[in-house]
Amino acid sequence: MAPTSPVRVRFAPSPTGHLHVGNVRTALFNWLFARQNGGVMVLRIEDTDVERSEARFEAMLMDDLKWLGLDWDEGPDKGGAYGPYRQSDRLEIYREHAERLLNEGKAYLCFCTEEELQKERDSASAEKGQAIYSGKCRRLDPQEAKSRRTNGETCAIRLKIPERPIRFHDIVRGDVEFSNEVVSDPVIVRSSGMPVYNYVVVIDDALMKITHVIRGDDHLSNTPKQVALYEALGWPVPEFAHLSTILGADRERLSKRHGATSIANFREMGVLPEALMNYLALLGWAPTGGTREIFTPTELIKEFSLKRVTPSPAVFDMEKLYWLNRHYIKESPPERVEKLALQYYSRAIAEDITKDLAGDVSSRDKTSASDYPWPPAVRDWFASVTRLLSPYVDRLEQLPERAMPILDYDAKAAIESPDNAEALAWPQTDAVLARFTVKILEDEQAREGKLTPDQFNKIVSEVKAETGVKGKELFHPIRIVIMGSHSGPAFDKLVPILEEGSHLSLPKHVLNVRERVEAFGKARAQS
RNA sequence: GUCCCCGUCGUCUAGCCUGGCCUAGGACAUCGCCCUUUCACGGCGGUAACACGGGUUCAAAUCCCGUCGGGGACGCCA
């Protein structure tokens with residue numbers, strides 16, 4: 001391809017559901033390449049599979065792309081000079097070019113039946129190990145064939161594969177050569193009149209002036225047929241770049257049974273789009289030097305290189321995605337994370353909210369979490385909870401479970417939890433708890449629900465001095481009383497949140513420090 | 001079966017084209033230490049790989065051949 005011709009790439013998904021990581025990675029590489037070269041990104045909808053394609057999936061897939069931050073310059077929603085951009089709207093174009101190939105003698109009519117072909121395939125693979133069409137109808141007289149067709153005999157249209165090896169260049173794999181012996185004359189139009197995928201792809205890519213075809217390597221073996229088609233049509237052959245497959249942990253092609261693989265899943269989990277983009281870029285590509293891992297979209301556009309894409313398949317690693325996500329959660333403006341986090345809390349406490357609203361909101365049979373009004377004070381408080389917890393989560397959906405000890409303290413569960421058994425059984429624990437309890441109950445600030453971190457620390461220090469217990473033996477029991485668990489965020493930040501939370505009117509009352517100590521004492525007395 | 005593609009730490013990868021700078025670098029995970037009057041977060045450090053076998057060469061992860069392993073394609077599927 002001449003360097004002067006502007007780069008045009010395309011992403012051509014079938015509207016059969018949410019986008020999968022494999023597809024999205026292909027879209028991403030196309031996008032990066034286009035943006036880097038000041039080129040054009042085309043979105044084309046491959047909806048010739050009428051059975052599985054649905055209009056609503058088209059909208060979903062566009063949403064998925066937009067969420068990730070990928071945009072396009074031409075497409076069904078945007079128009080463009082080379083439309084229409086839906087294959088179902090292009091059937092006439094396909095027909096026209098098929099007839100042209102026929103008239104020019106580059107293609108021929110094939111009257112073979114399903115059974116004949118099946119028989120041929122069987123014997124061919126037995127003999128040559130390759131199930132190749134014999135080209136029987138290729139030898140038919142064109143005039144005769146034509147009249148048979150006009151007389152109503154059903155037939156398909158096949159392309160003549162030239163009698164020479166087919167070569168093409170692939171940016172990822174280098175030069176690839178296929179012997180014509182292994183490529184049979186492909187059907188380009190079915191006897192039903194419907195064109196075949198390998199044919200329409202070529203027509204579309206050529207007519208849309210696509211300069212670089214960047215796609216999954218499952219198409220590599222189809223490429224010789226497509227190259228032959230370009231040549232038969234007299235059109236320039238584009239550059240190809242075949243991206244390796246993304247595998248699951250078991251080294252099988254990544255699929256639904258590997259868990260979350262659609263990008264909607266990641267969005268729901270609370271994976272930030274920039275984290276996913278960064279991770280996907282690293283699957284099959286590495287920057288020069290290979291030591292840098294963190295890239296913003298802008299940096300990716302600058303650094304990305306198709307030539308540096310690896311040909312070998314890559315295993316999708318959730319843990320690394322999570323690591324990147326944690327990084328981006330920490331990096332992004334707190335307000336953004338706080339806002340995103342709200343939906344996860346509301347989902348988790350939806351039941352409580354529904355109960356709460358049922359009293360004063362009439363004629364609302366179904367109250368969804370998103371209806372929760374989030375009064376400003378409550379919203380701010382949840383924001384502080386998010387600020388407290390977000391550095392410790394992999395994905396936003398973990399926030400509510402991490403917040404449960406704050407939102408819904410359960411003294412009985414704390415006492416019974418096997419995780420706490422050891423700490424509660426330590427010889428010094430009773431003494432620590434006894435002193436701690438007395439001090440909290442006597443404290444003026446704590447009584448009001450206004451205990452400060454300083455005062456709290458002072459009390460802990462006094463307990464330490466009076467009992468002679470320190471470190472783990474001191475902190476774990478106290479932590480269990482306050483949070484129901486021996487691990488959690490620093491008391492300095494936690495105490496104000498508990499105290500503040502207890503003054504809010506929430507569907508479920510948040511216990512302050514004193515209330516927790518009381519509840520724990522009561523529950524322990526009973527057990 | 002035939003053809004095509006692929007094969008560096010458990011995983012993502014750098015290095016391979018243009019052999020020596022590779023006692024193979026980085027990252028995730030893992031392990032250990034430090035920080036935090038506890039845990040996590042964070043910081044520091046460790047373990048860990050050139051699929052195998054032949055060649056070529058003074059010298060091979062890098063070039064050649066073979067073997068093995070994985071994936072894909074061979075459709076009137078997309």
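A, B, ... follow the sequence lines: proteins, then strands. Residue 1 opens every chain.
- Between A/D217 atom CG and B/rG70 atom P the separation is 17 Å, expressed in whole Å.
- Taking the centre of each ring, A/F316 and A/Y279 come in below the 6.0 Å mark.
- For the pair A/R251 and B/rC12, the criterion of a side-chain N or O lying under 4.0 Å from OP1 or OP2 is met.
- Applying the 4.0 Å criterion to OP1 and OP2 of B/rG42, one finds that A/K330 has a side-chain N or O inside that range.
- Rounded to whole Å, atom C1' of B/rG71 lies 13 Å from atom CG of A/D250.
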Check nucleotides 37-39 of chain B for protein N or O atoms closer than 3.5 Å to its own N or O atoms and list the pairs.
| residue | atom | partner | partner atom | Å |
| --- | --- | --- | --- | --- |
| B/rU37 | O2' | A/G471 | N | 3.4 |
| B/rU37 | O2 | A/K464 | NZ | 3.2 |
| B/rU38 | O2' | A/H476 | NE2 | 2.3 |
| B/rU38 | O2 | A/R479 | NE | 3.0 |
| B/rU38 | N3 | A/R479 | NE | 3.2 |
| B/rU38 | N3 | A/R479 | NH2 | 2.7 |
| B/rU38 | O4 | A/R479 | NH2 | 2.9 |
| B/rC39 | O2 | A/G488 | N | 2.8 |
| B/rC39 | O2 | A/G488 | O | 2.9 |
| B/rC39 | N3 | A/G488 | O | 2.9 |

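- Considering only the side chain of A/A286, B/rA14 comes nearest among B/rC5, B/rG72, B/rA14.
- If you take atom P in B/rA60 and the same atom in B/rG54, they sit 13 Å apart, rounded to whole Å.
- Residue A/I406 contributes atom CD1, which lies 14 Å from atom C1' of B/rA40 at whole-angstrom precision.
- The side chain of A/V187 has B/rC76 as its nearest neighbour among B/rG71, B/rC76, B/rC74.
- Nucleotides B/rA49 and B/rA29, compared at atom C1', are 15 Å apart to the nearest Å.
- For A/I161 and B/rC3, the CD1 to P distance is 18 Å, given to the nearest whole Å.
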Below 3.5 Å between N/O atoms, which protein atoms pair up with nucleotides 27-35 of chain B? Just atom names and distances, please.
| residue | atom | partner | partner atom | Å |
| --- | --- | --- | --- | --- |
| B/rA27 | O4' | A/E293 | OE2 | 3.0 |
| B/rA27 | O2' | A/K320 | NZ | 3.4 |
| B/rA27 | N3 | A/K320 | NZ | 3.3 |
| B/rC28 | OP1 | A/W323 | NE1 | 3.3 |
| B/rC28 | O2' | A/K320 | N | 3.3 |

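- With sequence neighbours excluded, the residues that form a salt bridge (charged side-chain N to carboxylate O under 4.0 Å, His left out) with A/E416 are A/K412.
- Between B/rG72, B/rA78, B/rC5, one nucleotide has an atom nearer to the side chain of A/R253 than all others, and that is B/rG72.
- In this structure, A/F33 has its ring center under 6.0 Å from that of A/H212.
- For B/rC76, the OP1/OP2 oxygens have a side-chain nitrogen or oxygen of A/R158 closer than 4.0 Å.
- When the options A/R139, A/R158, A/K106, A/R138 are evaluated for a salt bridge (charged side-chain N to carboxylate O under 4.0 Å, His left out) with A/D185, the one that passes is A/R138.
- Of the candidates B/rC76, B/rG72, B/rC12, B/rC12 carries the atom nearest the A/V315 side chain, counting heavy atoms from C-beta on.
- Heavy atoms only, all atoms of each residue included: A/V432 and A/V463 are closest at O-CG1, 3.9 Å.
- Only the P atoms considered, B/rG19 is 14 Å distant from B/rA61, to the nearest whole Å.
- For the pair A/R395 and A/Y322, the cation-pi criterion (under 6.0 Å, within 45° of the ring axis) is fulfilled.
- In summary, the aromatic rings of A/F491 and A/F456 are positioned with their centroids under 6.0 Å apart.
- The side chain of A/A156 lies closest to B/rC76 when the candidates are B/rA78, B/rC3, B/rC76.
- Which of B/rA78, B/rC76, B/rG75 sits closest to the side chain of A/S191 comes down to B/rC76.
- Rounded to whole Å, the distance from CG on A/N198 to P on B/rC77 is 11 Å.
- The interatomic distance linking A/I246 (CD1) with B/rG72 (P) rounds to 14 Å, in whole Å.
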Collect all protein-nucleotide pairs involving nucleotides 20-23 of chain B in which both atoms are nitrogen or oxygen and the distance is under 3.5 Å.
none

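- Applying the salt bridge (charged side-chain N to carboxylate O under 4.0 Å, His left out) rule to A/K464 yields no partners; only residues at least two apart in sequence or on another chain are considered.
- Across the interface with RNA chain B, nearest-nucleotide mapping of A/G290 and A/R25 shows A/R25 to be the residue nearer the 5′ end.
- The distance from atom CG of A/L324 to atom P of B/rC12 is 15 Å, rounded to the nearest whole Å.
- Cation-pi geometry between A/R292 and A/F295 is met: under 6.0 angstrom from the ring centre, within 45 degrees of the axis.
- For A/I203 and B/rA78, the CD1 to C1' distance is 17 Å, given to the nearest whole Å.
- Taking atom C1' on both nucleotides, B/rA27 is separated from B/rG71 by 26 Å, rounded to a whole Å.
- With both ends at atom P, the span from B/rA78 to B/rG42 equals 49 Å, rounded to whole Å.
- Taking atom C1' on both nucleotides, B/rG69 is separated from B/rC52 by 10 Å, rounded to a whole Å.
- Cation-pi contact between A/R44 and A/F11: absent, since separation from the ring centre below 6.0 Å together with deviation from the ring axis within 45° is not met.
- Nucleotides B/rU62 and B/rU8, compared at atom P, are 13 Å apart to the nearest Å.
- Residues passing the side-chain hydrogen bond (donor to acceptor under 3.5 Å, both in side chains) test with A/T245, sequence neighbours excluded: A/D217.
- For A/D218 and A/R253, the salt-bridge test passes: some basic side-chain N is under 4.0 Å from an acidic carboxylate O.
- Contact detail for A/N420 and A/A414: the closest heavy-atom pair is ND2-O, 2.9 Å.
- In this model, the phosphate group of B/rU13 is approached by a side-chain N or O of A/T310 to a distance below 4.0 Å at OP1 or OP2.
- Atom CG in A/L159 sits 10.5 Å away from atom OG in A/S184 (nearest 0.5 Å).
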